[in-house]
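Per chain, numbering begins at 1; letters A, B, ... match sequence-line order. Just so you know, these numbers use all the heavy atoms, side chains as well, and skip hydrogens, waters and symmetry mates. As the structure is a prediction and not an experimental result, all values here were calculated from the model.
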Amino acid sequence: DTEVTQTPKHLVMGMTNKKSLKCEQHMGHRAMYWYKQKAKKPPELMFVYSYEKLSINESVPSRFSPECPNSSLLNLHLHALQPEDSALYLCASSQGVRPEQFFGPGTRLTVL
Amino acid sequence: GQQLNQSPQSMFIQEGEDVSMNCTSSSIFNTWLWYKQEPGEGPVLLIALYKAGELTSNGRLTAQFGITRKDSFLNISASIPSDVGIYFCAGLPLGAGNNRKLIWGLGTSLAVNP
């Protein structure tokens with residue numbers, strides 16, 4: 001299995017809702033990432049987990065809460081989001097020491 | 001934050017033409033990565049480069065790690081309609097160590113006229 005999967009593909013939520021994005025990889029990668037991407041812009045790093053521990057938080061608002069239950073899974077819990085949080089949310093993974101990151105197809109999030 | 005200078009910003013070409021794009025930085029990089037992203041999908045890794053002067057091919061795609069370590073180039077030969085998408089360069093600067101934060105270019109949007 002050489003891919004990163006993400007669910008759901010699309011998500012529409014209100015500003016008072018709580019939802020979660022899920023990411024899974026079975027490549028044995030020990031680093032996993034969350035990115036936010038606006039249209040026609042490069043991905044912006046949000047969080048990095050290395051060996052299931054949070055290693056980078058790019059000053060992301062607390063309404064985004066990451067979780068890494070095990071080495072294959074990564075979640076992003078969403079609560080009280082704002083319309084400007086609407087974007088494509090990408091998950092990626094990489095091997096322990098190699099820099100190449102492999103991306104999932106993303107979750108298109110719309111906040112109403 | 002730090003960004004790479006990627007050019008051109010967009011290209012509109014005829015099928016069969018060759019394409020060239022590049023990324024430059026004011027600082028030295030250890031690794032250069034080239035990704036392609038199609039609408040509604042995540043970026044797909046095309047080529048990874050690790051050494052100054054390295055030239056690597058992937059089918060009709062060829063990428064080079066610049067000798068100065070401050071730039072990289074991607075060429076696409078004999079373009080076809082499915083080459084349409086946004087091409088991003090990304091890299092790790094010298095001294096990044098275990099920091100996994102890639103630095104990204106702003107992308108080159110490619111349109112191919114059949």
Side-chain angles (χ1 to χ4, degrees), chain A residues 2-11 21 23-25 27 29-51 53-60 87-110, chain B residues 1-6 8-11 21 23 25 29-51 54 56 58 63 65 72 84-111:
Chain A
T2 58
E3 65 175 4
V4 177
T5 60
Q6 290 187 243
T7 55
K9 181 77 171 169
H10 301 276
L11 179 62
L21 309 184
C23 174
E24 189 166 5
Q25 58 88 15
M27 295 180 279
H29 290 173
R30 301 312 298 269
M32 296 185 76
Y33 309 74
W34 280 115
Y35 285 86
K36 173 183 177 181
Q37 187 179 30
K38 291 285 198 177
K40 300 191 184 301
K41 301 289 187 185
E44 295 175 48
L45 184 65
M46 300 173 72
F47 302 103
V48 180
Y49 273 83
S50 180
Y51 293 85
K53 289 189 174 9
L54 184 65
S55 62
I56 295 178
N57 176 342
E58 288 286 297
S59 303
V60 178
L88 182 67
Y89 287 84
L90 295 162
C91 173
S93 69
S94 66
Q95 288 185 4
V97 295
R98 297 185 69 82
E100 305 98 315
Q101 295 180 19
F102 297 89
F103 286 82
T107 294
R108 172 68 61 189
L109 174 68
T110 303
Chain B
Q2 186 179 4
Q3 267 181 342
L4 298 169
N5 298 312
Q6 187 172 349
Q9 183 176 355
S10 62
M11 302 182 75
M21 60 191 78
C23 257
S25 168
F29 274 61
N30 274 336
T31 302
W32 290 95
L33 307 173
W34 284 93
Y35 288 89
K36 177 190 177 186
Q37 187 172 24
E38 297 183 24
E41 298 295 329
V44 174
L45 182 65
L46 300 173
I47 293 178
L49 302 160
Y50 305 101
K51 295 181 190 175
E54 182 180 355
T56 297
N58 178 3
F65 194 137
S72 180
V84 166
I86 300 179
Y87 292 78
F88 290 103
C89 63
L92 278 178
L94 180 69
N98 289 327
N99 185 338
R100 300 173 185 278
K101 182 176 179 181
L102 294 176
I103 309 301
W104 291 80
L106 293 181
T108 294
S109 179
L110 178 64

Engineer: Is there side-chain contact between B:Val44 and A:Phe103, with at least one heavy-atom pair below 4.5 Å?
Structural biologist: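 The answer is no; the side chains never approach within 4.5 Å.
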
Engineer: Extract all donor-acceptor atom pairs below 3.5 Å that involve side chains of residues 39-48 of chain A and protein atoms in other chains or at least two apart in sequence.
Structural biologist:
none

Engineer: Under the rule for side chain to side chain contact (heavy atoms under 4.5 Å, CB included), what residues qualify as partners of B:Leu94, not counting sequence neighbours?
Structural biologist: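 Per chain and number, B:Leu94 pairs via side chain to side chain contact (heavy atoms under 4.5 Å, CB included) with B:Ile28, B:Asn30, B:Arg69.
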
Engineer: Counting only heavy atoms not in B:Gln9, do more than 12 fall under 6.0 Å of its CD?
Structural biologist: no

Engineer: Sort A:Gln6 into side chain, backbone, both or neither according to what part of it lies under 4.5 angstrom from a heavy atom of chain B.
Structural biologist: neither

Engineer: Counting only heavy atoms closer than 4.5 Å, note whether A:Ser55 contacts chain B via side chain, backbone, both or neither.
Structural biologist: neither

Engineer: Show your working on salt bridge (Lys or Arg N to Asp or Glu O under 4.0 Å) between A:Lys9 and B:Glu41 and close with a plain yes or no.
Structural biologist: CA-CA 10 Å; A:Lys9 181 77 171 169; B:Glu41 298 295 329; 3.7 Å; yes

Engineer: Examine whether an atom of B:Ile86 lies under 4.5 Å from a heavy atom of chain A, and if so say whether it belongs to the side chain, the backbone or both; otherwise answer neither.
Structural biologist: side chain

Engineer: Among B:Thr31, B:Leu33, B:Ile47, find the residue that satisfies the side chain to side chain contact (heavy atoms under 4.5 Å, CB included) test when tested with A:Glu100.
Structural biologist: B:Leu33

Engineer: In Å, rounded to the nearest 0.5 Å, how long is the span from CG of B:Leu102 to OH of A:Tyr33?
Structural biologist: 7.0 Å

Engineer: May I ask you to decide if B:Arg100's main-chain N or O and A:Gln101's side chain share a donor-acceptor pair within less than 3.5 Å?
Structural biologist: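 Present.
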
Engineer: What part of B:Gln37 is in contact with chain A, defined as an atom under 4.5 angstrom from a non-hydrogen atom: side chain, backbone, both or neither?
Structural biologist: side chain

Engineer: Relative to chain A, which of B:Ala90, B:Gly42, B:Pro43 shows the most heavy atom pairs under 4.5 Å?
Structural biologist: B:Pro43

